[in-house]
Number of protein chains: 4
Amino acid sequence: MQAIIKPRAAVGLELADKPKPKAGPGDVLVKVSKTGICGTDRHIYEWDAWSSGRIKPPLIAGHEFVGIVEEVGVAVKSVKPGDRVSGEGHIGCGSCFCCRTGQSHICAKVDILGVDISGCFAEYVVLPETNIWKVDPAICDDQACLFDPFGNAMHTVMAQPISGRQLLITGCGTIGLMAIGIARVGGADRIIAVDPAPVKRELAKTMGADEVLEKADEATVKKLTDRDGADVLLEMSGHPHAIVGGLRCVRNGGDVSLLGIPADGEVPIPLAEQIIFKGLTIHGINGRRMFDTWYHCESFLRRHPDLIEPVISMRLPYHQFEKGIKAMQEGTACKVVLNWNDEA
Amino acid sequence: MQAIIKPRAAVGLELADKPKPKAGPGDVLVKVSKTGICGTDRHIYEWDAWSSGRIKPPLIAGHEFVGIVEEVGVAVKSVKPGDRVSGEGHIGCGSCFCCRTGQSHICAKVDILGVDISGCFAEYVVLPETNIWKVDPAICDDQACLFDPFGNAMHTVMAQPISGRQLLITGCGTIGLMAIGIARVGGADRIIAVDPAPVKRELAKTMGADEVLEKADEATVKKLTDRDGADVLLEMSGHPHAIVGGLRCVRNGGDVSLLGIPADGEVPIPLAEQIIFKGLTIHGINGRRMFDTWYHCESFLRRHPDLIEPVISMRLPYHQFEKGIKAMQEGTACKVVLNWNDEA
Amino acid sequence: MQAIIKPRAAVGLELADKPKPKAGPGDVLVKVSKTGICGTDRHIYEWDAWSSGRIKPPLIAGHEFVGIVEEVGVAVKSVKPGDRVSGEGHIGCGSCFCCRTGQSHICAKVDILGVDISGCFAEYVVLPETNIWKVDPAICDDQACLFDPFGNAMHTVMAQPISGRQLLITGCGTIGLMAIGIARVGGADRIIAVDPAPVKRELAKTMGADEVLEKADEATVKKLTDRDGADVLLEMSGHPHAIVGGLRCVRNGGDVSLLGIPADGEVPIPLAEQIIFKGLTIHGINGRRMFDTWYHCESFLRRHPDLIEPVISMRLPYHQFEKGIKAMQEGTACKVVLNWNDEA
Amino acid sequence: MQAIIKPRAAVGLELADKPKPKAGPGDVLVKVSKTGICGTDRHIYEWDAWSSGRIKPPLIAGHEFVGIVEEVGVAVKSVKPGDRVSGEGHIGCGSCFCCRTGQSHICAKVDILGVDISGCFAEYVVLPETNIWKVDPAICDDQACLFDPFGNAMHTVMAQPISGRQLLITGCGTIGLMAIGIARVGGADRIIAVDPAPVKRELAKTMGADEVLEKADEATVKKLTDRDGADVLLEMSGHPHAIVGGLRCVRNGGDVSLLGIPADGEVPIPLAEQIIFKGLTIHGINGRRMFDTWYHCESFLRRHPDLIEPVISMRLPYHQFEKGIKAMQEGTACKVVLNWNDEA
C-alpha cells in the first residue's frame with residue numbers, strides 16, 4: 001500500500017510502498033478515506049528537537065483520519081466491515097491506574113499513532129477496537145478526519161465551566177480557532193482572541209470572537225471584561241509571552257487551561273503574584289478524554305457543522321502532502337486535509 | 001491599650017500605648033486573649049521587600065487571635081458581649097464578583113488585619129461582624145488563636161481529594177506540619193514529607209508522615225508510591241527546588257496545591273513536560289474559604305485536639321514577643337503563642 | 001403609597017394605601033418601576049393550602065421587581081440613590097451554616113419578600129444592601145423585573161452539565177420556557193419539551209425546543225435520544241405523572257433537577273428501579289444561588305435579549321393586577337408585568 | 001468441578017458437579033479460594049420476586065471471590081497464572097455511552113456474575129481480563145473475597161464529601177457497618193448509625209459510630225448534630241421508614257446516597273418539603289466505579305485491616321453453605337465466608 005513515511009533520521013517525509021497491515025484478534029483494519037495534517041506531523045517532517053528525540057524511523061506518520069472498516073479481529077464485537085470510523089490515536093496500556101480510572105489519555109506508557117507506532121498516513125491503518133470511534137452519518141468526512149484536533153479544542157474548552165464566562169484565548173491556530181467556535185456555541189459570554197497574525201485574527205472573528213488583539217495586554221483585557229480580568233484563559237500558542245501575559249489578564253479565582261507547548265524547556269512564571277495570591281486553577285491539557293470528549297464533539301458537530309469548515313485551508317490528494325506542509329510552514333494554511341480515496 | 005506596632009519604615013516592632021479602638025455600627029470589639037506569631041509578622045519585623053512595599057507605618061501588627069467580645073455595634077446580631085471569638089483577617093470589599101460568589105478570600109481589594117489595617121497584637125481589636133467566628137467551647141484558646149494558619153493548612157489539603165491518595169508534602173513549617181496531621185486523619189493513604197531540617201522531619205513523623213525525606217527526589221518518591229508518583233503535591237515551602245522537584249514527583253493526572261510563596265519573582269517551570277503532557281491540575285491557595293474552611297477546622301479540632309499542640313514551640317507573655325521572633329529566626333521555634341490576659 | 005395587599009385570611013388581593021417604608025442603617029429603599037406576577041402571587045390570591053398556612057395578613061405581596069434607589073441607610077456602601085436595581089427576595093439569617101457557606105438561598109430561617117415580609121407590589125420596597133442587585137444598563141426593565149424567575153430557570157439548568165447533552169424539560173410554564181431558551185444558548189444538544197397545552201408547546205418551539213411532546217413518554221424519548229434516554233431531566237411542572245414519567249425517560253447515570261412543586265404532600269417514586277439501579281443524581285432546586293446565578297443571568301440576558309420577551313404575555317398598569325391574575329388562572333397568560341411608573 | 005447452583009425455578013441452592021469452564025481469548029480462568037455470601041445470594045436461594053423474575057436456572061451462583069489465576073486467554077496481557085486476583089462482577093457491554101465514559105457499573109446491558117452468567121460459587125470461575133483485579137499482598141484472602149460489598153460501602157460513602165461532615169447511616173447490615181468504618185477513617189465528623197437490632201447497633205459502635213439509634217428520629221438527630229440536621233444520609237436499609245425518616249434528618253443543602261433497595265415498587269416521598277425546598281442532592285448508588293472504587297478500597301484495606309474483620313460472623317467450608325444462609329436468615333450472621341481450598 002502507499003504510505004507517507006519518515007524513512008530515516010533526517011528532515012522530510014516520503015511516499016513509499018509498505019505492506020498492508022493485518023488486524024490482530026482485538027484489532028480493526030481501516031481503509032483510510034481522509035487524513036488531517038497536524039502541527040506534530042510538521043515537526044516530524046522538520047525533524048526538530050522533540051521529534052528526533054522520540055521518533056524511531058522508519059515510521060508511517062499521521063494520526064488524524066476517517067475511513068471504512070475493512071476487516072476486524074475475531075474478538076471484535078462493536079464494529080464490522082463497512083462501518084465508517086475514526087479513532088483515538090492515544091493507545092493506553094490498559095492496565096495502569098490512569099487507564100483503569102478513565103484517564104488513559106494520559107497513560108504514562110501511551111503509544112501514539114504516527115509517533116510511537118505506525119500511523120494513518122497510508123491506505124490502511126490498524127487500531128485496537130477500544131480506540132475505534134463510529135462516525136455519525138450527519139458528520140461529513142472532512143469533519144470526521146479532524147475529530148482529533150477538534151477534540152483537543154473541546155477538551156481544553158470544557159476543562160472548566162465556560163457558560164456565561166468571559167474568555168481569553170491566546171493563539172489562533174487550528175485548535176485555537178476551533179476552541180473559539182466551541183466556546184461560542186457552548187454558552188461563553190465575551191470571547192477575546194489573541195494572535196499576532198492579522199489573517200488569524202480575521203478567522204477568529206469568523207469563528208465567533210467578540211474582540212481580537214495582537215497580544216495579551218492586561219490593561220486592554222481588564223477594560224474589555226467586567227470582573228477586572230477574564231474568567232478563563234485558554235492558552236493555545238505555547239509562547240512564553242502569551243502564557244505569562246495571559247495569566248496577568250485573568251481575574252482572581254479564574255481558570256487557566258494550557259494546551260500550547262512551549263518550544264523551550266522552561267518558562268519563568270510569576271507563581272506568587274499570578275497564581276498563588278490570585279487563587280487560580282491551572283489545567284494541563286493533553287489529548288482527549290476517552291470518550292467523553294468524543295461524544296461531546298459528536299454532539300457539537302452534528303448541531304453546528306460550521307465549527308470546522310473555516311479552518312480547512314487546503315484539500316489535496318495524499319501524494320501532494322508536501323505542498324500542504326509547505327503551506328503550513330509559510331503560514332498560508334491552517335488545516336490541510338489529504339484525500340486517500342482512489343478517485344481523489 | 002498596649003499594642004505591638006511597626007512604628008516606622010525600618011526593621012523591628014515595638015510595644016506602644018495606643019487608644020482603645022471603637023466598634024462602628026456593624027463591628028465587634030474584641031478583648032484579645034491570645035495571639036499567634038505568623039511568618040508574615042516576622043517578615044514585617046524584618047522589613048523585607050514585600051513588607052516594605054505594602055505596610056504603611058505606623059500599624060498594629062498581628063492577625064491570629066482569640067478573645068472575648070467586649071462590645072458590639074448597633075447593627076450586630078449574631079454575637080454579643082462575652083462570646084469567645086476568633087476572626088477571619090481577610091476583609092473583602094463585599095461587593096465585587098469574588099465577594100458575592102463565596103470567594104471573598106481572594107477579593108482583589110481585600111484588607112488584611114495587621115497588614116493593611118490595625119491588627120490584633122493589642123489588648124483590643126475591631127472586626128466587622130461578618131468576619132467574626134464564634135469558637136466552640138471544646139476548642140481551647142491555644143488552638144483557637146491559630147485558626148488562621150490551621151485554616152491555611154486545611155484549605156490547601158482540601159483543595160483536591162485526598163482520601164485514599166498518596167501525598168507528597170514539601171516544607172514542614174507550621175502550616176506544612178498541620179497539613180500532615182489534617183491529611184492523616186482526613187483519610188490520606190501514604191504521606192511523604194520533605195524538609196531539609198532534621199528537627200522538622202522529626203515533627204513531621206509526630207504529625208503522621210509515613211516517610212520523611214531531605215528533598216523531593218523523583219526516583220525515591222516513585223519507589224515509595226504505587227502509581228509511579230504521588231497523587232497529590234502540597235507545596236508549603238516556596239522554594240523553587242521544592243516546587244520543581246515536587247512537580248517531577250507527581251504522577252500523570254495528579255493534583256498540586258501551591259501555598260508556599262517563592263521569595264523571588266519568577267520560578268522557571270518545565271510547563272510542557274511536567275504540567276501539560278502530564279495533565280496536572282494546579283491550585284493556587286490563598287487564605288481560607290469563608291467559612292467552609294472554618295467549619296472544617298472546627299470539626300477537625302473538636303475531634304482531634306492533637307492536630308495543633310505539637311507545632312506550638314513557645315508560649316510567652318505578649319511583652320516578650322521579640323524573644324519569640326528571635327526563636328523563629330534561629331529556627332528553634334515553630335509556632336509562638338502570645339498571651340494577652342492580665343494574669344499572663 | 002399604593003400597594004397590592006392580602007388584607008385578611010381569605011381569597012383575593014386588594015389595592016390599599018400603606019405608609020411609605022423606611023430604610024434601616026443597612027437597608028436600601030427602592031422606588032419600584034415594574035414587577036412581575038409569579039405563580040406564588042396567584043397562590044396567595046387564591047388562598048390555597050400552602051399560602052393560608054404560611055402568610056400572616058395583612059401583607060404587601062410580590063417579590064419580582066426592578067426600580068430606582070431612592071434612599072440608602074448610613075451603613076450602605078455599594079449602591080446610591082439613582083441606581084437602577086433589582087433584588088434577591090430570599091433574605092437569609094446571615095449567621096447559619098448555609099448562609100456562611102454560600103447557600104443562603106436555602107437558609108432554614110429565610111424570610112421571603114412578599115411571603116414572610118412586606119413585598120414589592122407597592123410604590124416603594126425596602127431590602128437589605130446584601131440583597132440588592134445593580135442592573136446592567138443593557139438589560140431593559142421588562143427583563144430586569146424578571147431576574148427572579150429567570151434565575152430559577154438558570155439555577156435549574158445549571159445544576160448539572162448541559163453542554164452537548166440531550167435534555168427533557170417537563171412543564172412549559174414561564175420558568176420551563178425560559179429554561180428551554182437558556183439551555184439552547186447554553187450549549188445543550190437536543191431539547192425535548194413536554195406540556196399538555198398546545199399553546200405552551202408552540203412557545204417551547206419558539207424558545208428553541210427541537211421536539212415537543214404532550215407527555216413524558218419513555219418509548220418516544222428513547223427513540224428521540226441517542227443514549228437510550230435523556231441525559232438530563234429538568235422537571236418544572238410539579239405533576240406526579242411528569243415526575244415519574246420523566247424519571248423513566250432518563251438514561252442510566254443521568255441527572256434530574258426538580259423545581260416544580262407537587263401540590264400534594266407525597267409522590268410515589270419507584271426508587272429502586274428508576275433512581276438506585278440507574279445511578280441517577282437528583283438535584284432539589286430552590287431559589288437562586290447568591291449571586292452566582294445572578295451573574296449568570298446578567299451574562300445571558302445581555303447577550304441574548306430574546307430569552308425573556310416571548311414569555312411576557314401581558315403588560316398592565318399595577319392597578320389592573322387582577323386582570324393579570326385572571327388571565328393566569330384562565331391559562332391565557334404566561335408572565336404578566338405590572339407597571340408602577342407614574343406615567344403608566 | 002464442584003459448584004453451588006440454582007438447579008431449577010424453586011427455593012434452594014444445591015451442590016452439583018459442573019464442567020470446568022474454559023477461558024476465551026480475552027478471559028481469565030481463576031481457581032477460587034474464598035467467596036462471600038451476599039444478601040443477593042440469599043434472595044436467589046429464597047427465590048423471591050426479584051430473583052424469580054431475573055434468574056434463568058440452571059445457574060452457578062455467587063459474585064464475591066478471591067482466587068489464583070489458573071489460565072489466561074491468548075489476548076490477555078495484564079495477568080498471568082499464579083496471580084492472586086478478585087474481580088468486578090458487573091460486566092459491561094463495553095461499547096455503550098456509559099461503558100465508554102467510565103460508568104460501566106451502570107451499563108444498561110450489564111451482565112452480573114452469578115445473576116446473569118455463571119458465578120463464582122465453584123472451584124473455578126471465568127472473567128474477562130478487563131474485570132480482573134490483582135490483589136495487593138498486604139490484603140488477606142478473607143478481606144480480598146469481600147472487595148465487592150466493601151466496594152459498595154466505599155462507593156456510597158465517597159459519592160459526596162464526608163470529610164468533617166456529620167453523617168447519618170440508616171441500616172447496619174454488612175455494607176452499612178463497613179460504611180461506618182470507612183467514614184470513620186475517611187475523616188467524617190460525628191457518625192450516627194440507625195438499626196432496630198441491638199446486636200447491629202453494638203457492631204456499629206465497634207466500627208466507629210459515635211451514636212446509635214433504633215430509628216431515624218428527626219428531633220434526636222437534630223439535637224445530636226450542629227447544623228440542624230445531618231450533612232449526609234447514607235441509606236443502607238431499603239426500608240421506606242428509614243428512607244423518609246432519614247430525609248427528614250438531613251439539613252438543608254445536604255447530600256443523600258441511596259444504596260438500600262426497597263422491597264416494594266414505590267416509596268411515597270415528600271418531594272417538595274424534603275428534597276426541593278431543602279435543596280438536597282440525592283445519589284442513586286449501584287455497584288462500584290471501575291476501578292476508582294477498587295483502588296480506593298485497596299488503599300483503605302492496606303492501611304486499616306480492621307475495616308472488614310468485625311463483619312465476618314462465620315467461616316465455613318463451601319459444602320456447608322446452607323448453614324451460612326440459615327444463619328443469615330435467622331439474623332445471627334452478618335457476613336459468611338466460604339472456603340474453597342482443598343484443605344478446607
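The chains referred to below are lettered A, B, ... by the order of the sequence lines, with proteins before strands, and numbering in each begins at 1. In this text the structure is predicted, and so the values were computed from the model without any measurement.
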Heavy-atom cut-off 4.5 Å, strictly under: side chain, backbone, both or neither for [X] against chain C?
X	answer
C96(B)	backbone
E129(B)	backbone
T130(B)	backbone

F97(C) and Y295(B) have their tightest heavy-atom pair at CA-OH, 3.2 Å
Heavy-atom closest pair, residues T101(B) and F291(C)
CG2-C, 4.3 Å
Counting only heavy atoms from other residues, nucleotides and ligands, does the tally under 6.0 Å from NZ of K31(B) exceed 12?
yes
Rounded at 0.5 Å granularity, tell me how far CZ in R100(C) sits from CZ in R289(B).
14.5 Å
